[in-house]
Peer 1: 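Got a structure for you, written out below as structure tokens; questions coming shortly.
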Number of protein chains: 2
Amino acid sequence: MNILIVYAHPEPTSLNGSLRDFSRYQLESQGHIVRISDLYEMNFKAVADGNDFSERKNPSQLNYLLEQMNASKNKSFSKDILFEQEKLDWTDFIIFQFPIWWTETPAILKGWFDRVFALGYAYGPGTYDKGKLKGKKAMLSVTHGASSLNHYGEYGLKGKLEERLFNIQHEKLYFSGIEVLEPFIFPSTAPLEVRNNYFELYKNKLLNIFEEPAIPFHPLSHYENGQLVQEFQK
Amino acid sequence: MNILIVYAHPEPTSLNGSLRDFSRYQLESQGHIVRISDLYEMNFKAVADGNDFSERKNPSQLNYLLEQMNASKNKSFSKDILFEQEKLDWTDFIIFQFPIWWTETPAILKGWFDRVFALGYAYGPGTYDKGKLKGKKAMLSVTHGASSLNHYGEYGLKGKLEERLFNIQHEKLYFSGIEVLEPFIFPSTAPLEVRNNYFELYKNKLLNIFEEPAIPFHPLSHYENGQLVQEFQK
């Protein structure tokens with residue numbers, strides 16, 4: 001299978017860098033083909049603006065969504081965006097490897113979504129299970145300050161972890177048609193003697209990513225006017 | 001009072017640009033002093049990396065949090081970060097004016113948080129109601145694709161709006177000690193005849209921002225080991 005690792009960390013010798021290398025090795029050992037978008041090394045442009053299009057529908061006023069729609073039709077995105085979209089076309093599975101910063105992705109990866117997951121390319125007219133990247137799967141592999149990992153839960157200081165990740169998992173990936181596996185979470189301050197256990201866990205997860213069931217988000221058919229119909233409410 | 005508007009939109013003639021100008025005018029008419037961080041115009045660097053520090057504690061391997069802590073002690077951030085922190089020191093109230101992109105801020109504003117809200121400056125050792133920016137207030141003023149505004153709620157496709165904004169309001173602003181007002185949400189596709197109503201609503205909100213009560217997030221004293229103690233659970 002074809003696998004794309006989108007990696008966002010400024011330090012190659014970081015834990016995130018190790019996890020990127022570890023997953024590449026494990027996946028290649030299984031016979032998969034792995035490509036990597038190393039956003040920091042690529043000096044990936046994080047900021048969406050008018051330079052993201054080689055031609056403009058309206059050169060005098062920037063309506064970013066309008067220009068995305070036009071560029072999706074005419075393949076007139078800037079070269080760096082087209083390059084990322086070509087990798088997305090190619091891949092069956094995407095792993096996002098990044099540190100949780102402020103409960104979200106680092107800005108460079110947020111910019112990757114803003115610019116690459118364009119209207120008309122990743123979604124639109126269809127969204128969610130009708131999104132244009134349907135057929136692909138993805139998984140977040142994240143590091144997290146360990147001390148606050150017990151601050152999650154219905155009554156946790158940070159609320160439910162699934163709610164903190166919903167903006168990425170449901171509102172970006174699933175919104176674009178991608179099925180999402182449960183995330184792999186590595187406590188970044190885990191002591192050395194426990195670290196190997198996490199690498200072992202990750203190895204086992206990577207061995208099964210094509211069999212593991214996706215998070216069972218509701219399909220659009222379960223909603224009416226954007227609200228879950230009663231029979232599907234727990 | 002001193003008010004900082006942090007504004008993130010690539011098009012000056014956009015609805016977001018109008019809202020920035022409108023709020024500045026309304027607030028100055030009330031006698032407040034307003035400064036603006038126009039992140040696109042400033043070409044604000046979105047991407048956190050080793051160049052964010054004028055001296056490095058560890059020049060050979062980047063541990064971003066360690067360097068932030070060191071730079072907070074020695075005022076050795078890069079000039080653009082120091083400039084933003086100086087504005088934060090000065091302000092009593094912060095308005096964040098931006099379009100909701102992918103249920104979050106545009107990447108340029110995420111980068112502003114990653115870089116400016118540094119460990120040792122905005123938080124740490126204290127967090128939440130012990131955060132270092134305690135005494136300041138803030139409010140999100142956002143535009144939002146109107147068609148999906150009815151997709152929120154407990155059983156909405158996008159879940160509760162307060163949960164979508166929790167990563168910003170609770171986990172960045174309140175995390176750093178800032179009290180947060182209810183957001184002002186402007187449906188970006190509202191027809192022209194309704195738009196004036198929203199501007200009128202915004203005007204009234206701006207007239208009362210120093211009296212309006214903040215969102216009643218729980219103080220740390222309501223938690224034990226990161227979990228809300230039973231008497232405060234509804």
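Quick note on labels: first sequence line is chain A, next is B, and so on, each numbered from 1. As the structure is a prediction and not an experimental result, all values here were calculated from the model.
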Peer 1: Please look at Tyr174(A) and chain B and tell me whether the side chain, the backbone, both or neither of the residue comes under 4.5 angstrom of a heavy atom of that chain.
Peer 2: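 Looking at Tyr174(A), nothing touches chain B.
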
Peer 1: In this structure, are over 12 heavy atoms from other groups packed under 6.0 Å from Glu224(A) atom CD?
Peer 2: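 No, not enclosed.
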
Peer 1: Which one, Val47(B), Thr103(B), Thr13(B), Leu228(B), leads in non-hydrogen pairs under 4.5 Å with chain A?
Peer 2: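 Sorted descending by pairs with chain A, the first entry is Thr103(B).
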
Peer 1: Can you tell which of His151(B), Glu163(B), Glu154(B) has the highest number of heavy-atom pairs within less than 4.5 Å of chain A?
Peer 2: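 With the most close heavy-atom pairs to chain A, the winner is Glu163(B).
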
Peer 1: Rounded to the nearest 0.5 Å, how far apart are CD1 of Ile168(A) and CD of Glu104(B)?
Peer 2: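 One gets 6.0 Å once the value is rounded to the nearest 0.5 Å.
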
Peer 1: Would Trp101(B) and Phe113(A) count as a close aromatic pair, with their ring centres under 6.0 Å?
Peer 2: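 For Trp101(B) and Phe113(A), the ring centres are not under 6.0 Å apart.
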
Peer 1: Of all of Lys160(B), Glu171(B), His170(B), which one pairs up most often with chain A through heavy atoms under 4.5 Å apart?
Peer 2: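 If we count pairs closer than 4.5 Å to chain A, Glu171(B) comes out on top.
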
Peer 1: Under 4.5 Å from any heavy atom of chain B, what part of Tyr152(A) do you find: side chain, backbone, both or neither?
Peer 2: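 Looking at Tyr152(A), just its backbone touches chain B.
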
Peer 1: Would you compute the distance between atom CG of Asn167(B) and atom CG of Leu165(A) and round it to the nearest 0.5 angstrom?
Peer 2: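 It is 8.0 Å, given to the nearest 0.5 Å.
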
Peer 1: Need one label for Asn63(A): side chain, backbone, both or neither, based on atoms under 4.5 Å from any heavy atom in chain B.
Peer 2: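 No part of it gets close to chain B.
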
Peer 1: Just verifying a value: how many Å separate Lys158(B) NZ and Tyr223(A) OH, rounded to the nearest 0.5 Å?
Peer 2: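 The NZ atom of Lys158(B) sits 10.5 Å away from the OH atom of Tyr223(A).
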
Peer 1: Between Thr127(A) and chain B, which part of the residue has a heavy atom less than 4.5 Å away: side chain, backbone, both or neither?
Peer 2: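 Contact with chain B: none, neither part.
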
Peer 1: Is there a donor-acceptor pair under 3.5 Å between the side chain of Gln227(A) and the backbone N or O of Asn150(B)?
Peer 2: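 Looks like yes, one N/O pair under 3.5 Å.
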
Peer 1: Counting heavy-atom pairs under 4.5 Å with chain A, which one of Gly156(B), Pro106(B), Gly111(B), Ser14(B) comes out on top?
Peer 2: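 Sorted descending by pairs with chain A, the first entry is Gly156(B).
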
Peer 1: Check whether any side-chain heavy atom of Trp102(A) lies under 4.5 Å from a side-chain heavy atom of Lys110(B), and answer yes or no.
Peer 2: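 Yes - at least one pair of side-chain heavy atoms lies under 4.5 Å apart.
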
Peer 1: Between Glu11(A), Lys45(A), His218(A), who has the most heavy-atom pairs with chain B when the cutoff is under 4.5 Å?
Peer 2: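 Looking at each option in turn, the highest pair count goes to Glu11(A).
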
Peer 1: Please state whether the side chain, the backbone, both or neither of Leu109(A) comes within less than 4.5 Å of a heavy atom of chain B.
Peer 2: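 No part of it gets close to chain B.
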
Peer 1: Between chain A and each of Asn43(B), Val229(B), Asp49(B), Thr105(B), count heavy-atom pairs under 4.5 Å; write down the option with the most.
Peer 2: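 When all of Asn43(B), Val229(B), Asp49(B), Thr105(B) are compared, Thr105(B) has the most.
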
Peer 1: Within a 6.0 Å radius of atom CZ on Phe199(B), are there more than 12 heavy atoms belonging to other residues, nucleotides or ligands?
Peer 2: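 Yes, the 6.0 Å shell around CZ holds more than 12 heavy atoms from other groups.
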
Peer 1: A quick test of your reading: do over 12 heavy atoms of other residues, nucleotides or ligands sit less than 6.0 Å from CD of Gln61(B)?
Peer 2: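 Check passes, neighbour count above 12.
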
Peer 1: Output the option from Phe166(A), Phe232(A), Phe175(A) having the highest count of non-hydrogen pairs under 4.5 Å with chain B.
Peer 2: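 Option with the greatest count: Phe166(A).
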
Peer 1: Taking every heavy-atom pair that is under 4.5 Å apart, which of Phe44(B), Trp112(B), Tyr128(B) has the most such pairs with chain A?
Peer 2: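 Most heavy-atom pairs within the cutoff with chain A belong to Tyr128(B).
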
Peer 1: How close do Ala46(A) and Ala46(B) get, counting heavy atoms only, and between which atoms?
Peer 2: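 For Ala46(A) versus Ala46(B), the nearest heavy atoms are CB-CB, 4.2 Å.
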
Peer 1: Can you tell me how far the CG atom of Leu62(A) sits from the OH atom of Tyr40(B), to the nearest 0.5 Å?
Peer 2: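 Going from CG on Leu62(A) over to OH on Tyr40(B), the span is 8.5 Å.
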
